[in-house]
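Sequence positions, counted from 1, serve as the residue numbers for this chain. When reading the values below, keep in mind they use all heavy atoms of this one structure, side chains included, and skip hydrogens, waters and symmetry mates. Order of appearance sets the numbers: ligands from 1, and atoms from 1 within every ligand.
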Amino acid sequence: MWGDRARSSLQGRRFGDVRWTAETGSTNSDLLELARGGAADGVVLVADHQRAGRGRMDRRWEAPAGSSLLVSILFRPDLEPDHLHLLTTALALAARHACQAVASVGVDLKWPNDLVVEGTGKVAGILAESVVTGDRVDAVVVGIGLNVNWPAEVPDEVAGIAVALNHLAGHEVDREDLLIAMLASLDGLCADLGTAGGRAALMTRYRDACATIGRRVRVELAHDERFVGRATQIDDDGRLVVETDVAGTSGQRLVAVGDVVHLRHT
Ligand code: BT5
């Protein structure tokens with residue numbers, strides 16, 4: 001049965017409670033519901049198919065049934081609100097590690113949390129959502145959709161955008177092996193987030209893996225606001241630092257939420 005191998009490999013570890021279902025609306029929605037009902041830190045929900053997979057900002061997440069790793073992870077973090085974004089960062093790095101270790105596919109991170117192959121497409125995206133009571137964050141659910149074994153013909157909705165590991169590796173990739181590698185890595189990456197040194201180490205790894213730093217980018221914000229500049233850094237709060245070049249003047253902008261498009265190297 002799907003999930004058996006993951007449960008036995010990860011038994012006794014933080015992310016060992018793996019619950020694998022054939023079909024649902026959205027694993028993030030389901031896990032948020034479980035979190036509100038008191039589910040414990042470390043629960044992992046996996047689905048073969050989502051009828052209503054969600055991206056950030058109410059966008060849709062498309063995936064042909066059985067083709068992808070659609071996973072949500074429940075954290076009950078003992079972290080300051082300013083440090084919660086590191087859970088997403090850790091998952092991005094863990095997924096990148098799994099792609100390399102299991103499929104021998106090297107992927108870059110694109111700010112904020114996409115796994116991409118430059119010039120080819122997006123392999124995975126991450127959505128983090130919180131359960132908040134008053135001014136306290138009770139739980140954070142971080143979900144990832146990783147394209148694994150897709151048909152050669154990518155669905156119209158994401159044609160020219162999405163690419164899958166089997167396209168890149170040239171063969172099918174075992175979804176459960178990927179899940180196990182990702183969750184084991186995530187466990188290690190999250191272990192020291194309670195210390196300043198652990199947080200700094202994670203950000204260093206993220207900066208090293210992030211292809212956005214040093215690139216010319218177009219930043220797309222809500223309300224159709226866009227600007228172009230050079231991404232120079234990611235600060236400790238996870239914000240993208242962009243040196244803008246608007247009409248001969250220059251300045252710096254810090255982007256907390258938005259999309260970036262990598263422009264050609266100059
Ligand atoms: C994301 O949003 O990249 C976050 C995606 C998170 C999906 C997971 S699946 C498990 C869990 N349960 C959920 O309901 N969601 C999470 P964003 O950065 O907004 O990107 C969304 C955009 O990516 C869409 O507007 C499409 O352009 C594109 N897209 C949709 N499906 C894709 C896919 N399978 N691969 C690559 N790109 C895709």
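- The protein atom (non-hydrogen) at minimum distance from atom 36 (C) of ligand 1 is A162 CB, 3.4 Å.
- Summarising the contacts of atom 9 (S) of ligand 1 with K122, Q50, R59, the nearest heavy atom is found in Q50.
- Of all atoms in ligand 1, listed by their number and element, those nearer than 4.0 Å to a heavy atom of G145 are 7 (C), 8 (C), 9 (S).
- Remark: distances from the non-hydrogen atoms of E157 to ligand 1 are all 4.0 Å or more.
- An N or O contact shorter than 3.5 Å links S26 to ligand 1 by distance.
- Taking every heavy atom of V158 and a limit of under 4.0 angstrom, the matching atoms of ligand 1 come to 29 (N), 30 (C), 31 (N), 32 (C), 38 (C).
- Numbered from 1 in the order shown, with element, the atoms of ligand 1 that lie under 4.0 Å from a heavy atom of G53 read 14 (O).
- Those atoms of ligand 1 that come under 4.0 Å of a heavy atom in S72, given as number and element, are 11 (C).
- In I126, the part holding a heavy atom less than 4.0 Å from any atom of ligand 1 is the backbone.
- When non-hydrogen atoms are compared, ligand 1 lies under 4.0 Å from the side chain of I161 (C-beta onward) but not from its backbone.
- Placement of L240 and V116 in two distinct hydrophobic clusters is found when ILVMFWY residues are connected by side-chain heavy-atom separations under 4.5 Å, directly or transitively.
- By the 30° and 60° cut-offs, the orientation of the rings of W2 relative to W20 is parallel.
- Because its NZ or CZ atom is not both nearer than 6.0 Å to the ring centre of F227 and within 45° of the ring axis, R218 does not count as a cation-pi partner of that residue.
- Contact check on R36 versus E129 returns no salt bridge, with no Lys/Arg side-chain nitrogen under 4.0 Å from an Asp/Glu carboxylate oxygen.
- The single protein non-hydrogen atom nearest to atom 24 (C) of ligand 1 is R60 O, 3.6 Å, given as residue, atom name and distance.
- Residue contacts with ligand 1 leave out A63, since none of its heavy atoms falls under 4.0 Å from the ligand.
- R7 contributes a side-chain N or O that, together with a main-chain N or O of V18, makes up a donor-acceptor pair within less than 3.5 Å.
- Hydrophobic clustering, with ILVMFWY side chains joined whenever heavy atoms are under 4.5 angstrom apart, keeps I144 apart from W61.
- Taken from CZ in R56 to CG in N113, the straight-line distance is 7.0 Å, to the nearest 0.5 Å.
- The closest heavy-atom contact to atom 18 (O) of ligand 1, among the options R54, E129, R51, R56, comes from R56.
- Here the protein heavy atom with the shortest distance to atom 10 (C) of ligand 1 is T27 OG1, 3.2 Å.
- Residues V131 and V137 form no side-chain contact, since every pair of their non-hydrogen atoms from C-beta on lies 4.5 Å or further apart.
- Residue, atom and distance of the protein heavy atom nearest to atom 34 (N) of ligand 1 are E62 O, 2.6 Å.
- The closest side-chain heavy-atom distance from V46 to R175 is not below 4.5 Å.
- Put simply, CG on L70 and CG on L146 are 9.0 Å apart, with the number rounded to the nearest 0.5 Å.
- Taking every non-hydrogen atom of W150 and a distance limit under 4.0 Å, the qualifying atoms of ligand 1 come out as 34 (N).
- The N147 neighbourhood of ligand 1 comprises atoms 33 (C), 34 (N), 35 (N), 36 (C), with distances under 4.0 Å to a heavy atom of that residue.
- Under the 4.5 Å side-chain heavy-atom criterion for grouping Ile, Leu, Val, Met, Phe, Trp and Tyr, L115 is connected to Y206 within one hydrophobic cluster.
- With hydrogens left out, the protein atom closest to atom 5 (C) of ligand 1 is W61 CE3, 3.4 Å, a heavy atom.
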